[in-house]
Amino acid sequence: MSVVAQIKQVAANAINQLYNVALQPQDIAVNATKPEFDGDYTVVLFSFVKQLKKSPDALGNELGSYLVENNPDLFASFNVIKGFLNLVITDAYWLGFVQQQSANKQFGTNAGTGKKVMVEYSSPNTNKPLHLGHLRNNFLGWSTAQILKANGNDIVKTCIVNDRGIHICKSMIAWQLFANGATPASTDTKGDHLVGEYYVKFNNEYKKQVDELIAAGKTKEQAEKEAPIMQATQQMLIDWEAGKPDVIELWKTMNSWVYAGFDETYRTIGSDFDKVYYESNTYLLGKDIVQQGLAKNVFYKKEDGSVWIDLTADGLDEKVVMRKDGTSVYITQDIGLAEQRYNEYRADESIYVIGDEQNYHMKVLKLICQKLQLPSADGIFHLSYGMVELPTGKMKSREGTVVDADELVSEMVNIAQLKTEELGKVKDFTPEELQQLNKTIGLGALKFFLLRVDPKKKMIFNPEESIDFHGFTGPFIQYTHARIKSILRKSEVGVTQPEVGSTLLKLEKDLAIQLEVFPSVIAEAANEHDPSKIAIYVFNLAQTFNSFYTQHSITNAEHEEKKTLRLQLAGLTAQVIKTGMGLLGIEVPERM
RNA sequence: GACUUGGUAGCUCAGCUGGAUAGAGCAACUGCCUUCUAAGCAGUAGGCCAUUGGUUCGAAUCCAAUCCAGGUCACCA
């Protein structure tokens with residue numbers, strides 16, 4: 001049990017004993033003691049002063065005395081200042097903690113919950129390459145899954161590929177018109193980028209045709225509808241749905257190019273899935289559920305034959321769930337897919353990592369599933385994340401202002417390479433080792449940059465300023481790890497027991513306190529689906545270690561027992577950094 | 001217009017289930033490499049926590065209103 005949990009427990013018991021008032025541990029507010037006061041943890045007394053009819057001072061002294069007297073292993077002393085009961089934890093407790101956990105390779109991870117959680121992330125369209133926004137989505141989803149796993153859940157990572165629809169047809173039409181049979185091989189271009197080029201070409205041509213039609217006297221609306229390239233695209237979508245062989249053939253070919261490109265990108269960034277769904281296989285799902293919904297009177301049919309649900313009683317609108325021509329709309333597919341996934345995996349929770357522009361849609365989806373009483377309904381959780389914006393505003397693929405994922409990754413690796421060369425600390429590395437190191441650092445910087453902020457918040461990326469390698473960054477933490485490993489290579493971690501009476505220096509204790517909290521941080525990050533909690537924690541830990549490192553020598557400690565303790569502290573720190581960064585999908589080098 | 005999310009240092013962000021004098025990083029300025037990796041450490045400076053009212057022992061945190069910014073409100077996905 002964590003120190004904080006123990007304090008809450010014994011404090012609640014103490015109050016029961018002393019005043020015969022029943023309090024639950026969670027009713028006790030325990031904070032880290034502010035640095036300017038003497039103590040490690042602080043119980044805030046104000047909340048029960050009134051209830052117990054005691055002055056804060058008297059209550060603090062009585063409670064403090066009782067706690068120290070009855071828990072001599074845990075508390076060394078206490079002091080009371082203005083309604084705050086500051087508690088000093090015994091050095092023996094921290095020493096015991098460090099010794100015990102420095103041998104525990106699983107430290108921080110929590111026991112199995114038996115819960116199965118499905119995490120859907122990265123749902124790319126197959127008409128263009130991945131961009132910075134996809135990276136945030138990917139890293140968030142992958143990391144959240146990893147954190148939930150560390151917290152004892154069974155995880156299924158999944159992805160729905162939007163491989164059909166009007167957007168793909170746009171690239172296909174443009175390819176037919178302008179490509180002269182170009183292929184990734186013939187142009188030496190990554191497949192997703194090649195297809196993306198034709199998506200851009202489509203939009204340029206479309207704009208040109210619309211402008212011409214407007215110049216010829218059409219209204220904007222007419223022009224947009226009548227532009228020949230758009231009409232051809234719409235016809236192609238109809239042909240696709242009809243299964244016209246040459247269209248299907250082209251569609252398969254171009255998608256295969258894109259998948260080869262995506263696979264390469266996913267491999268580089270370390271993203272993977274247990275199960276991939278394709279929209280071309282799922283877009284017809286959900287129609288039978290619409291029929292059931294009609295039978296249950298959850299849905300109703302309008303005169304024109306379209307099917308609706310009325311959500312006005314829940315503060316939302318009326319939504320279409322099936323068009324008058326009997327084809328399904330987006331949300332219908334989503335209901336169908338939710339149901340199919342549930343039938344296949346029976347997940348207790350199903351997390352959708354999707355941008356906040358779809359907040360309303362996801363709310364509607366969950367509500368409809370609940371009204372249909374689908375077993376998957378209550379487990380739906382929308383992990384909504386804010387858009388990544390440029391200083392100039394939103395990224396727009398049509399305007400070419402997107403930050404390309406592949407380019408950004410390779411730029412990060414290049415910067416890492418320059419820094420590594422400049423510092424010249426690993427001159428004995430083989431070219432392969434160097435390449436690996438630069439990739440670890442460059443990707444680490446990028447992933448940390450995207451994961452360190454609260455997922456809910458939109459974030460701004462300035463391409464002019466490259467992502468930093470100093471301060472609150474991935475490389476800073478990686479560097480701390482490499483430093484520790486360097487020491488550990490030179491000195492075996494001993495198992496000598498520090499003497500009972502030995503005392504901890506300020507920074508030794510600070511480190512121990514911070515390390516002790518790691519399991520709670522994982523639990524919190526898991527409960528809140530928030531990897532930034534881990535990122536912030538690991539950064540603070542590395543910072544504390546670096547302060548400790550510059551002030552106290554480890555290998556030349558004052559005496560052998562100190563050395564053992566410090567090696568244990570350093571070893572545990574390295575391990576927690578490695579585990580924590582691993583939860584973010586960031587590797588940590590032995591040397592850098 | 002309705003609903004919704006946010007506004008904290010020059011910049012990027014923590015802190016938000018109420019607790020002591022609001023924290024980091026970057027940028028700026030000072031110091032520290034004959035001692036375990038200076039991608040580091042120590043320090044200086046930088047704030048009316050958007051505004052106004054309320055709730056109470058106590059508010060950046062909770063409530064209300066206002067201002068500003070983003071998102072959504074398609075038989076698009």
Please give, in whole Å, the distance from [N] [atom2] to [X] [atom1]?
X: A:Asp317; N: B:C73; atom1: CG; atom2: P; result: 10 Å
X: A:Asn31; N: B:C16; atom1: CG; atom2: P; result: 10 Å
X: A:Lys34; N: B:U21; atom1: NZ; atom2: P; result: 9 Å
X: A:Asp163; N: B:A77; atom1: CG; atom2: P; result: 14 Å
X: A:Lys319; N: B:C3; atom1: NZ; atom2: C1'; result: 13 Å
X: A:Phe469; N: B:G25; atom1: CZ; atom2: C1'; result: 15 Å
X: A:Asp468; N: B:G25; atom1: CG; atom2: P; result: 12 Å
X: A:Glu318; N: B:C75; atom1: CD; atom2: P; result: 11 Å

Less than 3.5 Å between a donor and an acceptor, one on the side chain of [X] and one on the base of [N], is that the case here?
X: A:Asp325; N: B:C75; value: no
X: A:Thr550; N: B:C41; value: no
X: A:Asn86; N: B:A20; value: yes

Toward the 5' end of RNA chain B, by each residue's nearest nucleotide, A:Leu45 or A:Met592: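 On the 5' side of the pair lies A:Leu45.
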Closest-nucleotide ordering on RNA chain B, the 5'-leading residue of A:Glu36 and A:Phe548: A:Glu36
If pairing requires Watson-Crick or G-U wobble contacts with both distances under 3.5 Å, which nucleotide is the partner of [N]?
N: B:U72; answer: B:A2
N: B:C11; answer: B:G25
N: B:G58; answer: none
N: B:C49; answer: none
N: B:C41; answer: B:G31

Base, sugar-phosphate, or nothing: which does [X] touch, judged by heavy atoms less than 4.0 Å apart?
X: A:His552; answer: base
X: A:Thr473; answer: nothing
X: A:Glu279; answer: sugar-phosphate
X: A:Ser47; answer: base
X: A:Ser547; answer: sugar-phosphate
X: A:Phe539; answer: sugar-phosphate

Considering only the [atom1] atoms, how many Å lie between [N] and [M], rounded to the nearest integer?
N: B:U5; M: B:C11; atom1: C1'; value: 22 Å
N: B:A59; M: B:G53; atom1: P; value: 14 Å
N: B:G70; M: B:C26; atom1: C1'; value: 25 Å
N: B:A42; M: B:U4; atom1: C1'; value: 46 Å
N: B:U21; M: B:C49; atom1: C1'; value: 15 Å
N: B:C29; M: B:C13; atom1: P; value: 24 Å
N: B:A60; M: B:U51; atom1: C1'; value: 14 Å
N: B:C73; M: B:A77; atom1: P; value: 12 Å

Contact state string [nucleotides 7-14 of chain B, B base, S sugar-phosphate only, - no protein heavy atom under 4.0 Å]: S----SSS
Can you tell me if the side-chain N/O atoms of [X] get under 4.0 Å from OP1 or OP2 in [N]?
X: A:Arg483; N: B:A38; value: yes
X: A:Lys490; N: B:U37; value: yes
X: A:Ser486; N: B:U37; value: yes
X: A:Thr42; N: B:G19; value: no
X: A:Gln543; N: B:G25; value: yes
X: A:His361; N: B:U72; value: no
X: A:Arg323; N: B:C76; value: yes

Can the ring centres of [X] and [Y] be said to be less than 6.0 Å apart?
X: A:Phe139; Y: A:Tyr121; value: no
X: A:Phe545; Y: A:Phe548; value: yes
X: A:Tyr283; Y: A:Trp240; value: yes

Side-chain H-bond candidate by donor/acceptor type, A:Asp304 with A:Ser306, under 3.5 Å: yes
Check: A:Ser122/A:Asn137 side-chain N/O donor and acceptor closer than 3.5 Å: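 There is no such pair (donor and acceptor under 3.5 Å, judged by atom type) between the side chains of A:Ser122 and A:Asn137.
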Any carboxylate oxygen within less than 4.0 angstrom of a Lys/Arg side-chain nitrogen, looking at [X] and [Y]?
X: A:Lys457; Y: A:Asp454; value: no
X: A:Glu558; Y: A:Arg566; value: yes
X: A:Lys225; Y: A:Glu221; value: no

Derivation of the side chain to side chain contact (heavy atoms under 4.5 Å, CB included) call for A:Leu443 and A:Glu587: CA-CA 9 Å; A:Leu443 258 181; A:Glu587 289 179 27; over 6 Å; no
Aro-ring/base stack [X]-[N], d under 5.5 Å, angle under 30°:
X: A:Tyr479; N: B:G40; answer: no
X: A:Phe476; N: B:G40; answer: no
X: A:Phe46; N: B:G58; answer: no

Where the chi angle of B:C33 falls, syn if within 90° of 0 and anti if not: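 Syn, which is what one calls it when the glycosidic angle falls within 90° of 0.
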Straight-line distance of A:Gln514 CD to A:Leu569 CG, nearest 0.5 Å: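 The CD atom of A:Gln514 sits 11.5 Å away from the CG atom of A:Leu569.
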Given B:C41, B:C73, B:C36, the nucleotide with the shortest approach to the side chain of A:Asn546: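 The nucleotide sitting nearest to the side chain is B:C41.
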Charged tip of A:Arg452 within 45° of A:Phe539 ring normal and under 6.0 Å: no
